[in-house]
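Please read all numbers here as calculations on a predicted model, not as lab measurements.
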Amino acid sequence: MTSGLAKADVEQKTQQEINYLLNYVENTDCIYDRNGSRHTGQEAVDHIRTKYDYFRDDIESAEDFIRLSASKSTFSGRYYQVICPGVEAERSQDWLLRALKAYRKKHP
């Protein structure tokens, strides 16, 4: 019985991390570049949520969420880029993993 409770806690924590990342993307001032097409945070999060719904059964961690839903095109294989004011463009995967690490420091 305790293993079921532990699994539920892990799932809840993972969902909280994913929710944080979705909110992070949605409220960013950065631009999401998907296959050469630029999108606001709101537009990007709509796309990411669609992919999240599609891959939900395969996602067991926030890292899975990033890898499957928010890092690269399923069709072209090209990595998404994040373009933030005053800094060099970077892969969305790196940007989100850094945000996740900061979140986990504040919410151990």
Side-chain angles (χ1 to χ4, degrees):
M1 183 166 170
T2 55
S3 65
L5 290 175
K7 182 169 175 51
D9 287 344
V10 169
E11 291 171 359
Q12 181 179 357
K13 183 173 181 170
T14 297
Q15 189 58 58
Q16 288 171 342
E17 291 173 345
I18 291 170
N19 290 343
Y20 169 78
L21 292 170
L22 288 167
N23 189 55
Y24 186 76
V25 172
E26 184 173 30
N27 292 296
T28 187
D29 290 334
C30 302
I31 299 297
Y32 234 77
D33 184 318
R34 291 190 348 255
N35 293 315
S37 178
R38 294 184 175 192
H39 303 274
T40 65
Q42 178 62 56
E43 293 166 339
V45 84
D46 290 344
H47 178 75
I48 291 167
R49 280 190 175 116
T50 299
K51 288 182 73 175
Y52 177 42
D53 288 342
Y54 181 80
F55 287 111
R56 190 176 292 266
D57 291 341
D58 300 320
I59 295 173
E60 295 182 12
S61 67
E63 288 84 358
D64 289 342
F65 164 77
I66 292 169
R67 180 176 52 82
L68 294 170
S69 303
S71 64
K72 69 180 181 176
S73 171
T74 307
F75 297 108
S76 73
R78 289 177 57 189
Y79 284 93
Y80 301 152
Q81 297 287 311
V82 176
I83 305 160
C84 298
V87 295
E88 202 170 308
E90 65 180 314
R91 286 184 178 178
S92 62
Q93 180 176 358
D94 299 334
W95 183 70
L96 288 169
L97 286 171
R98 194 169 52 255
L100 178 61
K101 184 178 179 180
Y103 175 83
R104 285 177 173 166
K105 276 187 174 181
K106 292 181 182 178
H107 304 89

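- For Thr28 (side chain) and Gly41 (main-chain N/O), no donor-acceptor pair under 3.5 Å exists by modelled atom type.
- Hydrophobic clustering of Ile, Leu, Val, Met, Phe, Trp and Tyr side chains at less than 4.5 Å, counting indirect connections, unites Val45 with Tyr24.
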Could you give the side-chain donor-acceptor pairs of residues 16-23 under 3.5 Å, partners two or more places apart or in another chain?
| from | atom 1 | to | atom 2 | distance (Å) |
| --- | --- | --- | --- | --- |
| Glu17 | OE1 | Arg104 | NH2 | 3.0 |
| Glu17 | OE2 | Arg104 | NE | 2.9 |
| Asn19 | OD1 | Gln15 | NE2 | 2.9 |
| Asn19 | ND2 | Gln15 | O | 3.3 |
| Asn23 | OD1 | Asn27 | ND2 | 2.6 |

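- The distance from the CG atom of Asp64 to the OH atom of Tyr52 is 10.5 Å, given to the nearest 0.5 Å.
- Cluster membership for Ile66 and Phe55, using ILVMFWY side-chain heavy atoms within less than 4.5 angstrom, is shared.
- Under a hydrophobic-cluster definition in which Ile, Leu, Val, Met, Phe, Trp and Tyr are linked whenever side-chain heavy atoms come within less than 4.5 Å, directly or via other members, Tyr79 and Leu100 are assigned to different clusters.
- Proximity of Trp95 to Val25: side-chain heavy atoms (C-beta onward) are separated by under 4.5 Å at one or more points.
- A search for salt bridge (Lys or Arg N to Asp or Glu O under 4.0 Å) contacts involving Asp53 returns Arg56, not counting sequence neighbours.
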Atom pairs and distances, side-chain donor-acceptor, residues 84-91, under 3.5 Å, sequence neighbours left out:
| from | atom 1 | to | atom 2 | distance (Å) |
| --- | --- | --- | --- | --- |
| Glu90 | OE1 | Arg98 | NH1 | 3.1 |
| Glu90 | OE1 | Arg98 | NH2 | 3.3 |
| Glu90 | OE2 | Arg98 | NH2 | 2.6 |

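- Screening residues 72-82 for salt bridge (charged side-chain N to carboxylate O under 4.0 Å, His left out) gives no qualifying pairs among residues at least two apart or on separate chains.
- Here the OG1-CD distance, from Thr40 to Glu26, works out to 9.5 Å after rounding to the nearest 0.5 Å.
- Hydrophobic cluster membership differs between Ile48 and Ile83, with clusters built from Ile, Leu, Val, Met, Phe, Trp and Tyr side chains linked at under 4.5 angstrom.
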* side chain to side chain contact (heavy atoms under 4.5 Å, CB included) between Thr14 and Glu11: does it pass, once the steps are laid out? -> CA-CA 5 Å; Thr14 297; Glu11 291 171 359; 5.6 Å; no
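- By the side-chain hydrogen bond (donor to acceptor under 3.5 Å, both in side chains) test, Thr74 is found to be paired with Lys51, residues two or more places apart in sequence or in another chain being considered.
- Atom CG in Leu68 sits 10.5 Å away from atom CD in Glu60 (nearest 0.5 Å).
- Scanning for salt bridge (Lys or Arg N to Asp or Glu O under 4.0 Å) contacts around Asp94 gives an empty result, with sequence neighbours left out.
- Residues satisfying the side chain to side chain contact (heavy atoms under 4.5 Å, CB included) criterion with Arg34, sequence neighbours excluded, are Tyr32, His39, His47, Tyr80.
- Every residue meeting the side-chain hydrogen bond (donor to acceptor under 3.5 Å, both in side chains) condition with Ser73, not counting sequence neighbours, appears here in chain and number order: Asn35, Ser76.
- Every residue was checked against the side-chain hydrogen bond (donor to acceptor under 3.5 Å, both in side chains) condition with Asp57, not counting sequence neighbours, and none meets it.
- Gln42 is linked by a side-chain hydrogen bond (donor to acceptor under 3.5 Å, both in side chains) to Asp46, counting only residues two or more places apart in sequence or in another chain.
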